[in-house]
Amino acid sequence: AKPFASTFPMTVRYDVRLSRAEGYRKLGMYADACWELEELEGDDRLSDPVLVCRWKIYRDSENLLGEKAMAAEMARRFPADWKWRLRTARAVRRYEDAETALAYLNEKAEAFCGYPAYLYEIGRCKCLTGDLKGARDAVREAIKLDAEYRAKFVEDEDFDAVWDSFGEK
């Protein structure tokens, strides 16, 4: 006799799979989250909400290559969205290096210079690549736009070289 579950094949709806994947991610069950998304078919597998979910899974599980790939795809799909460009740069910085991330950020720096988080990340990359003056200038602009970046700057270890340079003559 067949088990009851196999007697009635069940197709799980897209929104249910996506919800389950998010739930598994929040529980730290990353393989199960990915499995839920793998069960999707057709265009659903590459929909924006699925790619965002995959990005979150990869980010949370510290799968840097996956995080970078999903963020880059979303930045490609939404070129006017500075947040996806920033997320891609952060993943590039962690997966590759700060110099590559800085080059990526600089490609759209003029378009996104009004966003303090974008300027702050440029400052971080400049600091990590040894451009301390450039780092100070970028962070100064970020702080002018949003004072909360002052506290972040003070606490952020990536800017230790900038702090050390203040004592130099």
Side-chain angles (χ1 to χ4, degrees), residues 18 21-34 36-38 45-166:
L18 193 57
E22 281 288 339
Y24 282 130
R25 177 188 64 83
K26 290 177 181 177
L27 291 171
M29 300 169 68
Y30 306 118
D32 294 300
C34 286
E36 285 293 341
L37 298 178
E38 288 301 316
R45 292 182 80 150
L46 297 175
S47 69
D48 294 341
V50 168
L51 294 186
V52 170
C53 186
R54 282 189 190 282
W55 171 77
K56 290 177 183 178
I57 293 165
Y58 296 146
R59 178 201 59 197
D60 294 356
S61 67
E62 299 182 9
N63 176 337
L64 299 178
L65 180 59
E67 177 187 3
K68 179 183 130 186
M70 292 303 106
E73 176 58 21
M74 292 305 290
R76 187 191 67 75
R77 290 183 185 194
F78 299 99
D81 186 340
W82 66 271
K83 289 180 182 178
W84 281 115
R85 188 125 189 126
L86 182 63
R87 290 170 182 148
T88 303
R90 287 176 178 159
V92 166
R93 177 174 48 82
R94 289 192 307 272
Y95 183 72
E96 295 177 40
D97 56 55
E99 189 174 332
T100 306
L102 180 59
Y104 180 78
L105 288 167
N106 281 335
E107 288 175 9
K108 299 287 183 181
E110 190 173 312
F112 298 135
C113 66
Y115 297 97
Y118 202 85
L119 291 168
Y120 187 82
E121 190 66 19
I122 287 174
R124 176 193 319 277
C125 291
K126 285 185 176 194
C127 183
L128 294 172
T129 58
D131 178 4
L132 302 182
K133 182 186 179 324
R136 286 191 301 264
D137 292 345
V139 170
R140 185 179 301 113
E141 289 304 311
I143 292 170
K144 282 181 186 176
L145 293 171
D146 186 341
E148 89 175 37
Y149 285 91
R150 179 183 312 274
K152 289 181 182 194
F153 177 59
V154 169
E155 298 296 323
D156 195 330
E157 293 177 358
D158 286 342
F159 290 101
D160 284 353
V162 171
W163 286 104
D164 292 345
S165 74
F166 290 138

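One-based numbering along the sequence shown. This is a predicted model, so every value here is computed, not measured.
With a 4.5 Å cut-off on side-chain heavy atoms, Val154 and Trp163 count as touching. Counting heavy atoms from C-beta outward, Asp156 and Tyr120 have side chains that approach closer than 4.5 Å. A heavy-atom distance below 4.5 Å is not found between the side chains of Ile122 and Val139. Contact annotation: the side chain of Arg140 never approaches that of Ile143 to less than 4.5 Å [non-hydrogen atoms, C-beta and beyond]. Inter-residue side-chain proximity for Arg124 and Leu105 is flagged as unmet; no heavy-atom pair is nearer than 4.5 Å. Counting only heavy atoms from C-beta outward, the side chains of Glu62 and Glu67 never approach each other to under 4.5 Å. No side-chain heavy atom of Leu102 sits less than 4.5 Å from a side-chain heavy atom of Asp131. In this structure the side chain of Tyr58 reaches within 4.5 angstrom of the side chain of Cys34, judged on heavy atoms.
Rounding to the nearest 0.5 Å gives a distance of 11.0 Å between CG of Leu119 and CG of Asp137. Rounding to the nearest 0.5 Å places OH of Tyr115 at 13.0 Å from NZ of Lys108. Note: Leu64 CG to Arg93 CZ = 10.5 Å, rounded to the nearest 0.5 Å. Rounding to the nearest 0.5 angstrom, the gap separating the CZ atom in Phe112 from the CG atom in Asn106 is 13.0 Å. The distance from the NZ atom of Lys56 to the CE atom of Met70 is 14.5 Å, given to the nearest 0.5 Å. Taken to the nearest 0.5 Å, the CE atom of Met29 stands 14.0 Å off from the OG atom of Ser61.
Ser165 and Leu132 make their closest contact through CB-CD1, 3.7 Å (heavy atoms, listed as atom of the first residue, atom of the second, distance). When all heavy atoms are compared, the tightest approach of Cys53 to Leu18 is CB-CD1, 3.8 Å. Scanning all heavy atoms of the two residues, the minimum distance from Ala89 to Ala101 falls at O-CB, 3.4 Å. Of all heavy-atom pairs between Gly114 and Leu145, the closest is O-CD1, 3.6 Å. Scanning both residues, Ala142 and Tyr149, for their nearest heavy atoms gives O-CD1, 4.2 Å. Nearest heavy-atom pair across Arg136 and Phe166 is CD-CE2, 3.2 Å.
Each of Tyr118, Trp55, Phe78 was compared with Trp84 under the ring-ring contact (aromatic ring centres under 6.0 Å, His included) criterion, and only Trp55 meets it.
Between the Thr129 side chain and the Glu99 main chain, no donor and acceptor come within less than 3.5 Å of each other. The backbone N or O of Thr100 lies less than 3.5 Å from a partner atom in the side chain of Asp97, making a donor-acceptor pair. Listed for the Arg85 side chain is a donor-acceptor partner under 3.5 Å among the backbone atoms of Tyr104.
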List the steps and the verdict of side chain to side chain contact (heavy atoms under 4.5 Å, CB included) for Ile57 and Glu36.
CA-CA 12 Å; Ile57 293 165; Glu36 285 293 341; over 6 Å; no
Determine, stepwise, if the pair Arg77 / Leu51 fulfils side chain to side chain contact (heavy atoms under 4.5 Å, CB included).
CA-CA 11 Å; Arg77 290 183 185 194; Leu51 294 186; 3.2 Å; yes
Is there a salt bridge (Lys or Arg N to Asp or Glu O under 4.0 Å) between Glu121 and Arg87 once you walk through the steps?
CA-CA 10 Å; Glu121 190 66 19; Arg87 290 170 182 148; over 6 Å; no
Let's go through Tyr30 and Asn63 carefully: what are the C-alpha distance in whole Å and the side-chain angles of both, what is the deciding distance for side-chain hydrogen bond (donor to acceptor under 3.5 Å, both in side chains) to 0.1 Å, and is it a yes or a no?
CA-CA 10 Å; Tyr30 306 118; Asn63 176 337; over 6 Å; no
Check step by step if side chain to side chain contact (heavy atoms under 4.5 Å, CB included) holds for Arg25 and Arg59.
CA-CA 10 Å; Arg25 177 188 64 83; Arg59 178 201 59 197; 3.8 Å; yes
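Taking a 6.0 Å sphere around CZ of Arg150, one finds it holds 12 or fewer heavy atoms contributed by other residues, nucleotides or ligands.
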